[in-house]
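Labels below follow one simple rule: chain letters A, B, ... track the order of the sequence lines, proteins then strands, and each chain is numbered from 1.
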Amino acid sequence: MKSRVEIKDEGKSIDIVYDLKSLRKSGQVSEKHKNVFDVFLADYLLSGGQGQYYMPALRASDEGMRELYDIQKRLLKEQKLDYLFYDVEMPLSDVLFEMEASGVKLDVDVLKELSKECDSKIAELEKSLYKIAGTPFNVNSPKQLSEILFERLKLPVVKKIKTGYSTNEEVLTKLSSQHPLPALILEYRQMSKLKSTYIDALPLLVDAKTQRLHATFNQAGAETGRLSSNNPNLQNIPVRTEFGQRIRKAFVPYSKGHELLSADYSQIELRILAHLANDDELKNACRGDGDIHRYTASLMFDVPENKVDDKMRYAAKRINFGIVYGMGAFSLAKDLDVSINEAKDFIEKYFLRYPKVRQFLDGEIQKARDLGYVTTLFGRRRYLPDINNRNMGLRQFAERQAINAPMQGTAADIIKIAMVKVSKRLIKEKLSSTMIMTVHDELVFDVPKDELKIMALLVQQEMEAAMDLSVPMKVSVKAGNNWLEMEKVHS
DNA sequence: CGTCTCACG
DNA sequence: ACGTACGTGAGACGT
């Protein structure tokens, strides 16, 4: 199969390619070309999270490529996907190419130190674990671990899985009130996870030539329209735990005189929900400088905002998150550690105050049933073939996807648009700053210090203006000497 | 190679 | 009575 075919369409010369970014990487396409049509990306948009539907025609023959182009071009137009294809995904492919080529600098010495520290902690934990368990065993083996916990120590089984008894975090946390072993296991797990997945693995991926990490951002993989990252995955670098955070210190600017600048959307999915559902109260929650979760708690529990306590705010926050995933009372109950009835009551109160949110979510499920797919604000589709399945589990799963996909997908559309816009501005303003990473709602740049101010302003403006919603999109910008120690840049 | 677990948004 | 919160990628284990 040829990876590149030139054709004439309406007098214009068009380069039909399969996976432009890969072709540029392997040098088969040497530079940006004005009229490129990537059938790989077109297929991604058209198949809407259903796998590759039109590819057989592509693989069949080179002649099929012209035919494929005609079909895809027509379908993109019919499905109103031309904006996403021509103005977002195609230009984004070049932005991602540049970003991957630029790479991210890693301070390997920082990780070497961490590795040593981790080693001794793991050794200590192993010693205690074996002593309490009464025998050495492989802590990384769920099978051996469950023998120790549930047979030798006779701890109660919290959750069963296909292969026996679950020993996951939720289970071990529950068991830790009854025995000292589970808490130690949790600590051991955290250490060995961080060590094997990040501390020891990242340095091996540093490119010998550039001394940087060059991840690949997959533009046509995620079913909702998000990007994903591999080799390494830069989108799951630890941040939640204190020890994990120290790994971020190893992500550093290209050189002295530069800093990392990070800009992230605040609560973008909730803001999108407010816009899509057109719910007056949720829109109010998103306006001003207020705290969305506090506002929500104030409504739900019917108290003024200054009387919202931590528990109330926490509950509201969890519901706000859960709503985006299509969560039910059972899961909320588990999450908040309250009874199912209390959880039901919370959800009831939530929808009473945000009535149009419920209408919107029900509407999305209905739309999926009628059309077989849901869409983002920009028309990206997600097909949900199980939405009318007789198997309740599969059907309900599809319903949750119908709720989540428009929000997660619209957020993905928006940050992709922002990336293209920011990238154009960098060129136009002749800036030396470089886009180096994206983490779903965050963009990270390497910035010479004398460009910090202008970049903070430029990035914030472009990201906030990427789409005009009926509520503001808020972006906060931070900068610093590594990916952990960053301070807010006011603009 | 499937399963489990867990890192992130 | 059932299962029960979306989307990813990666490492370790064990068949």
Side-chain angles (χ1 to χ4, degrees), chain A residues 49 137-146 159-172 185-186 188-202 204-205 215-218 221-241 243-245 247-248 264-270 273 318-336 340 343-344 347 361 364 374 382 384 391-409 411-412 415 437-443 483:
Chain A
F137 65 104
N138 186 345
V139 194
N140 283 321
S141 162
K143 198 182 160 201
Q144 292 184 38
L145 177 58
S146 74
K159 189 172 147 194
K160 284 186 184 170
I161 51 175
K162 279 183 210 168
T163 52
Y165 308 133
S166 173
T167 67
N168 71 13
E169 188 178 353
E170 181 201 338
V171 171
L172 294 178
I185 308 268
L186 283 171
Y188 176 94
R189 281 239 179 104
Q190 196 198 51
M191 284 298 150
S192 77
K193 173 88 177 180
L194 296 180
K195 185 164 156 48
S196 63
T197 309
Y198 306 100
I199 297 171
D200 291 348
L202 289 174
L204 302 176
L205 291 167
T216 300
F217 286 87
N218 187 353
E223 308 204 337
T224 52
R226 272 189 176 180
L227 298 169
S228 71
S229 158
N230 63 22
N231 283 302
N233 182 357
L234 292 175
Q235 299 184 317
N236 72 347
I237 303 299
V239 70
R240 290 173 190 172
T241 66
F243 193 87
Q245 284 180 2
I247 294 170
R248 292 202 167 207
D264 68 287
Y265 285 109
S266 116
Q267 308 295 349
I268 189 170
E269 290 180 0
L270 275 179
L273 175 60
R318 303 310 304 177
I319 299 185
N320 272 332
F321 275 110
I323 288 296
V324 174
Y325 302 143
M327 182 177 63
F330 180 88
S331 305
L332 181 66
K334 248 198 330 194
D335 189 52
L336 291 178
I340 293 190
K344 270 187 188 154
I347 292 174
L361 299 178
E364 289 303 297
V374 291
R382 169 129 194 216
L384 297 166
N391 178 321
M392 190 177 61
L394 291 177
R395 187 174 66 245
Q396 290 180 338
F397 187 32
E399 288 173 358
R400 294 193 295 273
Q401 291 170 326
I403 283 173
N404 177 259
M407 289 179 267
Q408 191 179 127
I415 197 158
M437 281 190 273
T438 169
V439 193
H440 309 306
D441 60 1
E442 173 186 15
L443 299 180
W483 201 12

- Task: For B:dT3 versus C:dT4, give the span between their P atoms, rounded off to a whole number of Å.
- Result: 15 Å
For [X], what residues pass the salt bridge (Lys or Arg N to Asp or Glu O under 4.0 Å) criterion, not counting sequence neighbours?
| X | answer |
| --- | --- |
| A:R189 | none |
| A:E399 | A:R369 |
| A:K195 | A:D119, A:D200 |
| A:R226 | A:E269 |

- A:F321 CZ to C:dC6 C1', in whole Å, measures 12 Å
- Item | Between C:dC6 (C1') and A:N320 (CG): distance, integer Å | 15 Å
Applying side-chain hydrogen bond (donor to acceptor under 3.5 Å, both in side chains), can you list everything that pairs with [X], at least two apart in sequence or on another chain?
| X | answer |
| --- | --- |
| A:R400 | none |
| A:Y265 | none |
| A:T241 | A:Q190 |

- Scoring nucleotides 8-15 of chain C by protein non-hydrogen atoms under 4.0 Å (B base, S sugar-phosphate only, - none) yields SBBSSSSS
Look at all strands and tell whether [X] reaches a base, only sugar-phosphate, or nothing, counting heavy atoms closer than 4.0 Å.
| X | result |
| --- | --- |
| A:V324 | nothing |
| A:R240 | base |
| A:E269 | nothing |
| A:I161 | sugar-phosphate |
| A:G393 | nothing |

- Of A:F330 and A:Q401, the one whose closest nucleotide on DNA chain C sits nearer the 5' end is A:F330
What pairs of donor and acceptor atoms, side-chain ones from residues 319-327 of chain A against any protein atom, are under 3.5 angstrom apart with sequence neighbours left out?
residue : atom : partner : partner atom : Å
A:N320  : OD1  : A:Y350  : OH           : 2.8
A:N320  : ND2  : A:H293  : ND1          : 3.1
A:N320  : ND2  : A:T296  : OG1          : 3.2

- Ignoring hydrogens and angles, tell me if any N or O in the side chain of A:Q144 forms a donor-acceptor pair with the backbone of A:V139 under 3.5 Å. no
- Intra- and interstrand pairs of DNA chain C - dot-bracket, Watson-Crick/G-U under 3.5 Å, | marks other strand: .....|||||||||.
- More than 12 heavy atoms from other groups under 6.0 Å of OH on A:Y165: no
- Quiz item: A:Q408 side-chain donor-acceptor pair to C:dC6 base, under 3.5 Å: yes
- Note on the structure: chain A vs DNA chain B, heavy-atom contacts under 4.0 Å, first-to-last nucleotide span, 5' to 3', is B:dT3 to B:dG9
- Under the ring pair (Phe, Tyr, Trp, His ring centres under 6.0 Å) rule, collect the residues that match up with A:F217, sequence neighbours excluded. none
